[in-house]
Amino acid sequence: MPLVSVVIGTYNRADFLRRAILSVLSQTFQDFEVIVVDDASQDHTCQVMDALPKEKIIYVKHDVNKGIGAVRNTGLLHSKGKYIGFLDDDDEWLPKKLQVQVDLLEGRSTKIGLAYCGFFKVNQSNGEILGECLPQKMGEMVNRVLVNNWIGTTSVPLIRKACFDRVGLFDERMTFGEDWDMFNRIAREFHFEYIKEVLVKYYIHNGPQLTKNAQG
């Protein structure tokens, strides 16, 4: 049974998806499964998946477009890991992200529900680094997360699966901010910790956004 389950939701972004998956397969930490949840894409996503190695990858395709909350919930329901990492299909993990976060969580109390890190903002068109966001808050976060999404993007944290057992799944009625809602719910029950290091590339582009377009 894998220690980490990585959930990648995708919708009509085959040209980005391969990069995201390869960034997981290239991790220095290798005890994981990758669950790719395709929200009824109509592009060449299936061909991209067919060309990738099958050993660690589970590919699930929705028959109809269900939205970002349902995509993440499908991934959670298929997951077997002790820890859950979400990676947006247009983002990328740096090679030691999982190793650093697993090491931190394995060495901490189970009161720590998630570990997050910093990320680069990257121009998709030319690869230019536009800036970096480093974590600033940790510990008891319930009031802090209410006023600001300190984590920034769902591609950043590694989360104990026990958090979802306690607080439930993503709210599938939400078409925007479902990640912030989840962080708020987790913060009521668990503390947060961070690694003050950039371990994710968050790409800025004008293409379709999963949160906006997964409603069809």
Side-chain angles (χ1 to χ4, degrees), residues 4-27 32-54 56-79 84-95 97-98 119-131 133 149 151-159 169-172 174-180 182 198-216:
V4 176
S5 296
V6 180
V7 177
I8 303 177
T10 191
Y11 177 70
N12 284 348
R13 292 202 291 205
D15 292 336
F16 297 149
L17 178 61
R18 184 175 182 275
R19 179 184 64 199
I21 295 173
L22 290 178
S23 79
V24 180
L25 297 180
S26 300
Q27 290 291 298
F32 61 77
E33 62 180 356
V34 182
I35 304 165
V36 177
V37 183
D38 181 351
D39 202 23
S41 293
Q42 299 169 352
D43 62 358
H44 57 288
T45 294
C46 287
Q47 287 88 339
V48 169
M49 295 305 303
D50 285 343
L52 290 167
K54 307 298 189 295
K56 291 179 178 286
I57 300 175
I58 300 165
Y59 178 48
V60 182
K61 185 169 184 176
H62 288 166
D63 293 333
V64 296
N65 192 264
K66 296 183 179 182
I68 184 61
V71 165
R72 291 187 173 139
N73 288 342
T74 295
L76 282 170
L77 292 171
H78 280 80
S79 66
I84 307 293
F86 295 97
L87 176 59
D88 288 348
D89 58 359
D90 55 345
D91 292 341
E92 184 179 4
W93 285 353
L94 299 185
K97 177 185 186 289
L98 284 183
F119 60 95
F120 287 126
K121 293 181 178 180
V122 183
N123 186 325
Q124 170 63 41
S125 63
N126 60 13
E128 177 187 1
I129 295 176
L130 304 174
C133 296
N149 182 359
I151 291 176
T153 167
T154 318
S155 297
V156 164
L158 188 67
I159 307 171
L169 300 175
F170 286 88
D171 187 341
E172 297 185 8
M174 300 182 71
T175 59
F176 180 81
E178 79 297 326
D179 52 350
W180 194 355
M182 177 57 73
V198 171
L199 298 171
V200 175
K201 289 183 177 181
Y202 172 78
Y203 284 90
I204 308 296
H205 59 87
N206 295 321
Q209 299 295 316
L210 183 62
T211 301
K212 295 177 182 177
N213 286 278
Q215 300 304 312

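Because the structure is a prediction, the values reported are computed rather than measured.
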| Aromatic rings Tyr202 and Phe119: how do their planes relate, parallel, tilted or perpendicular, breaks at 30° and 60°? | perpendicular

| query | With sequence neighbours excluded, what pairs up with Ser41 under the side-chain hydrogen bond (donor to acceptor under 3.5 Å, both in side chains) test? | reply | Asp38

| said: I'd like to know if the side chain of Asp43 and the backbone of Arg13 have a donor-acceptor N/O pair within less than 3.5 Å. | reply: yes

| When rounded to the nearest 0.5 angstrom, what is the spacing between NE2 in His44 and CG in Asp15? | 4.0 Å

| Taking Gln27 for the side chain and Leu98 for the main chain, is one N or O donor matched with an acceptor at less than 3.5 Å? | yes

| query | For the side chain of Asp88 and the backbone of Asp90, is there at least one donor-acceptor N/O pair under 3.5 Å apart? | reply | no

| said: Counting only heavy atoms not in Asn126 (residues, nucleotides, ligands), do more than 12 fall under 6.0 Å from its CG? | reply: yes

| Between OG1 on residue Thr10 and CE on residue Met49, distance to nearest 0.5 Å | 9.0 Å

| request: Quick one: pull up CE in Met182 and CD1 in Ile159 and give me the separation to the nearest 0.5 Å. | output: 7.5 Å

| query | Between Tyr59 and Thr45, is any pair of side-chain heavy atoms under 4.5 Å apart? | reply | yes

| task | Could you check if a side-chain atom of Tyr203 sits within less than 4.5 angstrom of a side-chain atom of Leu130, using non-hydrogen atoms only? | result | no

| field | Residues Thr154, Arg72; criterion side chain to side chain contact (heavy atoms under 4.5 Å, CB included); working and verdict | value | CA-CA 10 Å; Thr154 318; Arg72 291 187 173 139; 3.5 Å; yes

| remark: Rounding to 0.5 Å, atoms CD1 (Ile84) and CZ (Phe32) come to a distance of 14.0 Å

| query | Donor-acceptor pair, Trp93 side chain versus Ser26 backbone, under 3.5 Å? | reply | no

| Is there a donor-acceptor pair under 3.5 Å between the side chain of Lys56 and the backbone N or O of Lys54? | no

| request: Would you mind reporting whether Leu169 and Leu77 have side-chain heavy atoms less than 4.5 Å apart? | output: yes

| request: Kindly indicate whether the side chain of Phe170, heavy atoms from C-beta on, has any atom under 4.5 Å from the side chain of Leu76. | output: yes

| task | Check Tyr11 against Asp89 and note the closest heavy-atom contact, atom names and distance. | result | N-OD2, 3.5 Å

| request: Report the distance from atom CG of Leu17 to atom CD1 of Ile21, rounding to the nearest 0.5 Å. | output: 4.0 Å

| Nearest heavy atoms of Arg18 and Leu52, plus distance in Å | CG-CD2, 4.2 Å

| query | Between the side chain of Glu33 and the main-chain N/O of Ser79, is any donor-acceptor distance below 3.5 Å? | reply | no

| remark: Taking every heavy atom of Lys121 against every heavy atom of Cys133, the minimum-distance pair comes out as CE-SG, 3.7 Å

| said: I need the Asp179 CG to Thr153 OG1 distance, nearest 0.5 Å. | reply: 7.0 Å

| Side-chain contact, heavy-atom cut-off 4.5 Å: Val71 with His62? | yes

| Would you say Lys61's side chain and Val36's backbone share a donor-acceptor pair under 3.5 angstrom? | no

| task | Measure the shortest side-chain to side-chain distance between Lys201 and Leu94 over non-hydrogen atoms and say whether it is less than 4.5 angstrom. | result | yes

| field | Asn73 and Glu172: side chain donor to acceptor below 3.5 Å | value | yes

